[in-house]
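Below: one structure, written as structure tokens.
Heavy-atom basis, side chains included; hydrogens, waters and symmetry copies ignored. This is a predicted model, so every value here is computed, not measured.
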Amino acid sequence: MIDTIAAFDGRLAKIEGAARSGKTQALVARCAKLIENGEAPESILVAVTNAFAAQAFRKRLRRALPANKAAAAEAVRICCALDAAVEVLDTPTAREATGREPRILSEAEYNFFLEDLKTTGEQPRKLRSMLSFLERKMANYESREEWGAGTAAGNLHAFATRVLKLRGAMLPVEAPMLAADFLKSDAGEAARGHFSHVLCDDFQNFSHSEQTCLCLLADKQIMVAGNPNQMMSKRGNHPYVEGFIKFDAVRRDVEVFHLEGAFGNPQVIALADALGSQDGMDGAYVAGTAADIERDPAAAALPVGVQSIKWNTPEDELNGLTKYLRHLLSSQEDVREAHTCIVVANRRWAVMVEKLLRRRGFNVSAAGAAGTLAGDPRDSSRSRALVAYTKLNLLANPRDMVAWRSWCGFDNALTNSDAWMGLQDFAEAENITLYQALEQVGNAGFGAKEPFLRARTLAEKWRAGQEFIAKNSTRRGFGLMKAIGAEGISEFEAVAADMMGDETAARLFEMERAVIMDPAWIDDPHVLHVSTLQNLCGTEYDNIFVVGCIDGFFPIRNAFEVISTDGERNRVMDAERRDFMSGVAKAKHLLVLSHFSKSELELAERTKMQVVRVKSENGKRMAIVRPSAFLSEAGDAAPTTIGGQALLSEYGLN
């Protein structure tokens with residue numbers, strides 16, 4: 001079937017199948033066939049869910065191409081749908097047509113934007129509700145007439161758009177919608193069909209706006225692959241699963257390819273099938289049968305199948321499991337640590353796992369579990385990473401108003417939103433840009449009267465920023481990292497590891513922004529990966545270890561909240577099950593599901609474990625927890641649980 005898909009040259013194609021049925025491999029084969037047949041690699045767009053999936057796809061494509069065509073794999077555009085939309089908007093024609101700059105806000109920068117919206121006077125809860133409403137409308141590509149013009153939500157949209165335009169910024173959810181509008185317009189005629197072939201993996205994960213944009217970018221062919229059971233749940237991504245399900249129903253002459261069975265260890269596939277057969281899942285997308293993948297002879301000493309391991313406490317689990325992993329990988333003749341992934345539920349667990357793995361002698365990357373720039377900007381001593389990032393941004397682009405907005409908000413209880421809104425009014429009244437307004441205010445010698453309320457505050461921030469820029473504008477590499485205060489900050493570790501030492505501020509900012517916005521793995525076969533389930537999309541691993549496989553982590557505690565409605569709990573449980581099923585199915589040979597039975601109550605509450613009961617033990621309050629509900633759902637497909645200490649004893653690791 002994959003060979004048939006690779007040779008298909010029709011206009012429209014849909015590829016569907018169970019987890020690990022070969023959907024991604026079919027797209028890789030199609031891409032390779034196009035290149036072998038003489039198609040310019042620059043004319044091919046491959047859209048994937050995230051940068052991890054893009055990395056994995058490009059590696060597969062390199063392997064699929066003959067030696068004389070291998071370099072072409074680097075020229076194929078492989079990116080997420082948002083990046084494709086930004087590229088559409090990042091042209092003079094599109095900027096003029098939309099009146100917007102496609103400078104996407106990071107999550108930390110979005111928080112400043114949110115603080116500024118509070119100056120409208122709306123209650124924070126209502127404000128967030130209206131923003132969620134507007135973002136859904138954008139993601140779902142609904143007509144502006146349905147956005148409630150003249151209502152509170154409509155007025156908020158107008159205000160938010162004004163703020164973003166003045167700042168030269170854009171929300172992530174806006175870009176695909178604006179790109180689709182532009183491509184449909186007369187102004188966007190030259191950009192339509194920019195790529196001869198558009199291949200979309202996990203099409204169900206894209207929003208309606210993203211799907212529309214990708215279809216408009218295709219000239220000769222669009223081929224989509226997906227599975228509704230593998231729809232990824234992630235805050236703010238608004239996947240449009242109906243766009244994949246109905247892809248052939250709303251278009252004519254779509255060739256549908258249904259892939260049967262799956263490739264991988266039969267026990268792993270059986271577990272995925274058991275979860276895919278639950279209520280809330282589409283039973284048409286189970287594999288049924290599995291074809292085992294031939295193993296690398298160097299990994300012959302490793303066990304295969306699915307293991308369930310029970311430990312006493314989180315400390316016992318992390319200590320014992322990392323010891324077990326060290327033993328297993330050391331038994332390989334030619335170990336490739338990057339073929340193994342440790343799956344965690346949250347950033348806190350990722351940090352603990354990473355520390356222990358490093359003590360065991362592993363090189364580790366936790367890029368797959370990295371959070372945004374942490375900290376509270378109202379206290380710069382508690383937001384060192386964000387301050388360093390902002391300083392780097394100012395040095396890289398001294399006229400970036402997003403950076404200046406952050407800079408002007410540090411160390412103020414209300415992030416100086418009132419002063420910044422006054423600056424915007426002043427800029428519009430004077431008919432000048434926001435940068436010119438800030439420059440004018442910063443260089444002014446005020447008398448008794450300020451041009452707007454608290455202008456002096458922004459003037460002081462401006463002068464401090466300009467002084468910092470003048471002092472450090474010529475710094476490079478490690479000297480630059482020291483100047484911005486990024487040394488020893490975990491959020492900058494990946495960039496520090498890749499530095500040559502002579503990078504300009506512009507280059508360092510480009511590298512760090514990629515880490516924040518589109519994290520990816522270090523290209524080193526001897527680096528162990530730590531990731532959340534969501535970032536496994538589009539990847540595969542020989543071995544996957546799920547750490548902390550308990551209720552509250554897998555699935556999250558909201559699936560059990562008694563104050564929620566049955567419908568809301570079921571919605572959360574279904575989303576969590578899809579993530580879990582799709583994630584564990586990425587294990588080609590060995591899947592280890594590890595859990596513990598109790599934890600100190602403070603840790604349990606802080607990390608949102610689902611507590612069954614509380615008991616006193618040696619003067620401590622201990623929370624009793626239970627294995628993930630997904631293990632019981634899997635029924636006979638779930639493995640027999642073994643004790644952690646018994647496992648260590650079996651391998652002589654006590």
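Salt bridge status for Arg606 with Glu602: present, with a side-chain N to carboxylate O gap under 4.0 Å. Using a cutoff of 4.0 Å between basic side-chain nitrogens and carboxylate oxygens, Asp566 and Arg569 are scored as salt-bridged. Ion pairing of Lys246 with Glu242 is absent here, as no side-chain N (NZ or NE/NH1/NH2) approaches a carboxylate O to less than 4.0 Å.
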> Checking salt bridge (charged side-chain N to carboxylate O under 4.0 Å, His left out) for the pair Arg571/Asp574: CA distance, chi angles, key distance, verdict?
Replying inline: CA-CA 5 Å; Arg571 184 195 66 77; Asp574 290 346; over 6 Å; no
>> Run Glu109 and Arg167 through salt bridge (charged side-chain N to carboxylate O under 4.0 Å, His left out) and show every step you take.
In response: CA-CA 11 Å; Glu109 292 162 346; Arg167 205 166 296 180; over 6 Å; no
>> One pair to check against side-chain contact (heavy atoms from CB on, under 4.5 Å): Asn443 and Arg463. What are the steps and the verdict?
In response: CA-CA 8 Å; Asn443 292 331; Arg463 288 191 287 271; 5.5 Å; no
>> Go through it in stages, so that I can follow the logic: the residues are Arg192 and Asp186, the test is salt bridge (charged side-chain N to carboxylate O under 4.0 Å, His left out), and I'd like the CA-CA distance, side-chain angles, deciding distance and then a yes or no.
In response: CA-CA 10 Å; Arg192 279 197 301 273; Asp186 291 340; 5.9 Å; no
>> Apply salt bridge (charged side-chain N to carboxylate O under 4.0 Å, His left out) to residues Asp90 and Arg100 and explain how you reach the verdict.
In response: CA-CA 9 Å; Asp90 198 17; Arg100 301 292 298 278; over 6 Å; no
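When atom types are taken as modelled, the side chain of Asp518 and the backbone of Ala514 share no donor-acceptor pair closer than 3.5 angstrom. Of the possible donor and acceptor atoms, one in the side chain of Glu450 sits under 3.5 Å from a partner among the backbone N and O of Ala455.
Between Phe113 and Tyr110, the ring-plane angle classifies as tilted under the 30° and 60° cut-offs. The aromatic rings of His529 and Trp521 lie parallel to each other, their planes meeting at an angle below 30°, with 60° marking the opposite boundary. Below 30°, between 30° and 60°, or above 60°: for Phe554 and Phe580 the angle between ring planes is between 30° and 60°, a tilted geometry.
Heavy atoms of other residues, nucleotides or ligands lying less than 6.0 angstrom from CZ of Arg382 number 12 at most. Other residues, nucleotides and ligands contribute at most 12 non-hydrogen atoms within 6.0 Å of the CD atom of Glu189.
Remark: aromatic rings of Trp462 and Tyr435 are close, center separation under 6.0 Å. Proximity of the aromatic rings of Phe203 and Phe247 is defined here by a centroid distance below 6.0 angstrom, and this criterion is met. Side-chain rings of Tyr389 and Phe509 approach one another, their centers coming within less than 6.0 Å. In this structure, the ring of Phe112 has its center no less than 6.0 angstrom from the ring center of Trp420.
Asp202 and Gln204 are linked by a side-chain donor-acceptor pair at a separation below 3.5 angstrom, with hydrogens and angles left out of the test. Side-chain contact annotation: Arg378 with Asn412, donor-acceptor N/O pair under 3.5 Å absent. Side chains of Glu568 and Thr565: no donor on one and acceptor on the other come within 3.5 Å. At a cut-off of 3.5 Å, with distance as the only test, a side-chain donor of Asp116 or Ser417 sits close to an acceptor on the other residue.
The shortest heavy-atom contact between Leu601 and Ala623 is CD1-CB, 3.9 Å.
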Let me have the donor-acceptor pairs involving side chains of residues 469-492, under 3.5 Å, with sequence neighbours excluded, atom names and distances please.
residue, atom, partner, partner atom, Å
Asn472, OD1, Arg475, NE, 2.6
Asn472, ND2, Phe468, O, 2.9
Arg476, NH1, Asp502, O, 2.9

